[in-house]
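Written below as structure tokens is the structure these notes are about.
As the structure is a computational prediction, the values presented were derived from the model and not from experiment.
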Amino acid sequence: MSSGTVQPITHDSPIGRLTMAASDVGLTRVSTRPARATSGMPGSPAVSRLLDKARRELDEYFAGERQEFDVPVDLSRVEPPSRAILSHLTSQVGYGRTTTYGAIAATLALGSDGPREVGAAMARNPVWIVLPCHRVLGAGGKLTGYAGGLAVKRWLLDLESLDQFPQLDLAAGESDVGGLQLLGLAADR
């Protein structure tokens, strides 16, 4: 269980100013939404360490140097059904991968209304990016709903796909280097 409320901090990122908060147990918030005014206390040394770690890890992620987050997350303020769905994200939907609301619902045996339950849990995710709800798509891979907006969701998905160069059919030989140079993709030789 988290211990008390602390004053949120902000951190500039490529997707805008992030608001972050933590308890002594783990990160409780990462969002581009401005923090509500709180009467929180300044963080304990443990909270300061967690927020510093989160800042470093997010900077590494945005620089393409990190694919998994090690900073602990505290979901104690999230309702248990949503908590179970959010916890599934980090273990089952890795960097550069996507899934659908329906696939998560099926994996968790949530029943016919499962995709909506998954969508509701994603909408309640207090720790964006670290709990990667941006990797969850609508039926057929459709880009749908993200609390940070669809442009941010698309940007995050694009960031994660940068190191996954498309497989080219070079069976006919490597004669199309000129075409790649036009696109700015060919390595200098």
Side-chain angles (χ1 to χ4, degrees), residues 1-44 46-64 66-90 93 95-96 98-101 104 115-138 142-161:
M1 192 67 145
S2 65
S3 61
T5 304
V6 299
Q7 192 66 35
I9 65 163
T10 59
H11 182 64
D12 290 329
S13 80
I15 62 169
R17 181 164 287 169
L18 297 175
T19 301
M20 299 188 293
S23 69
D24 287 338
V25 176
L27 201 57
T28 59
R29 178 188 173 101
V30 174
S31 173
T32 56
R33 295 180 186 155
R36 293 184 207 121
T38 67
S39 58
M41 304 294 293
S44 68
V47 168
S48 295
R49 283 191 297 276
L50 283 167
L51 291 171
D52 286 342
K53 181 178 178 99
R55 259 186 270 193
R56 282 191 311 276
E57 289 187 6
L58 284 162
D59 286 345
E60 291 166 0
Y61 169 81
F62 289 125
R66 174 173 290 277
Q67 295 184 356
E68 294 179 16
F69 292 92
D70 299 321
V71 64
V73 173
D74 177 2
L75 293 178
S76 64
R77 295 181 185 158
V78 176
E79 293 295 321
S82 293
R83 191 180 319 148
I85 293 168
L86 292 173
S87 295
H88 174 80
L89 284 176
T90 53
V93 188
Y95 184 91
T98 58
T99 190
T100 64
Y101 298 102
I104 292 174
R116 283 193 180 99
E117 291 177 52
V118 172
M122 297 301 122
R124 292 182 187 106
N125 181 3
V127 190
W128 302 358
I129 306 165
V130 176
L131 294 180
C133 58
H134 61 277
R135 298 177 188 157
V136 183
L137 305 174
K142 184 177 178 187
L143 193 66
T144 59
Y146 187 64
L150 292 181
V152 169
K153 184 172 188 170
R154 172 83 270 159
W155 191 92
L156 294 168
L157 292 171
D158 288 347
L159 171 71
E160 292 185 9
S161 68

Within this structure, what is the [atom1]-[atom2] distance for the pair [X] and [Y], rounded to the nearest 0.5 Å?
X	Y	atom1	atom2	answer
Leu51	His11	CG	NE2	11.0 Å
Asn125	Leu75	CG	CG	7.5 Å
Ile9	Ser48	CD1	OG	8.5 Å
Ile104	Arg135	CD1	CZ	11.0 Å
Thr10	Leu18	OG1	CG	9.0 Å
Ser87	Leu131	OG	CG	7.0 Å

Can you classify the ring geometry of Tyr146 versus His134 as parallel (below 30°), tilted (30 to 60°) or perpendicular (above 60°)?
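Taking His134 first and then Tyr146, their aromatic rings stand perpendicular (interplane angle over 60°).
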Whether Trp155 and Phe62 hold their rings parallel, tilted or perpendicular, with breakpoints at 30° and 60°
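Tilted.
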By side chain to side chain contact (heavy atoms under 4.5 Å, CB included), which residues pair with Thr100, not counting sequence neighbours?
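In terms of side chain to side chain contact (heavy atoms under 4.5 Å, CB included), with neighbours along the sequence ignored, Thr100 is linked to Ala103.
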Between [X] (side chain) and [Y] (backbone), is there a donor-acceptor pair under 3.5 Å?
X	Y	value
Asp24	Ser44	no
Ser31	Thr19	no
Ser161	Asp158	yes

Heavy-atom check, side chain of [X] versus side chain of [Y], under 4.5 Å:
X	Y	answer
Pro126	Val73	no
Met122	Leu89	yes
Thr144	Leu137	no
Leu50	Val71	yes
Phe69	Ile129	yes
Leu156	Trp128	no

Heavy-atom closest pair, residues [X] and [Y]:
X	Y	answer
Asp74	Ser23	OD2-OG, 2.6 Å
Met20	Ala54	SD-CB, 4.2 Å
Arg83	Val78	NH2-O, 2.7 Å

Tell me which pairs pass salt bridge (Lys or Arg N to Asp or Glu O under 4.0 Å) where either residue lies in residues 46-55, with sequence neighbours left out.
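For residues 46-55: Asp52-Arg55, Lys53-Glu57.
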Give a yes or no on whether a salt bridge exists between Glu79 and Arg124, defined as a side-chain N under 4.0 angstrom from a carboxylate O.
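So Glu79 does not pair with Arg124 through a salt bridge.
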Take atom CD in Glu60; do more than 12 heavy atoms of anything else shown fall under 6.0 Å from it?
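Yes.
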Could you give me the CA-CA distance, side-chain angles and deciding distance for His88 and Ile85, then say whether side-chain contact (heavy atoms from CB on, under 4.5 Å) is met?
CA-CA 5 Å; His88 174 80; Ile85 293 168; 5.6 Å; no
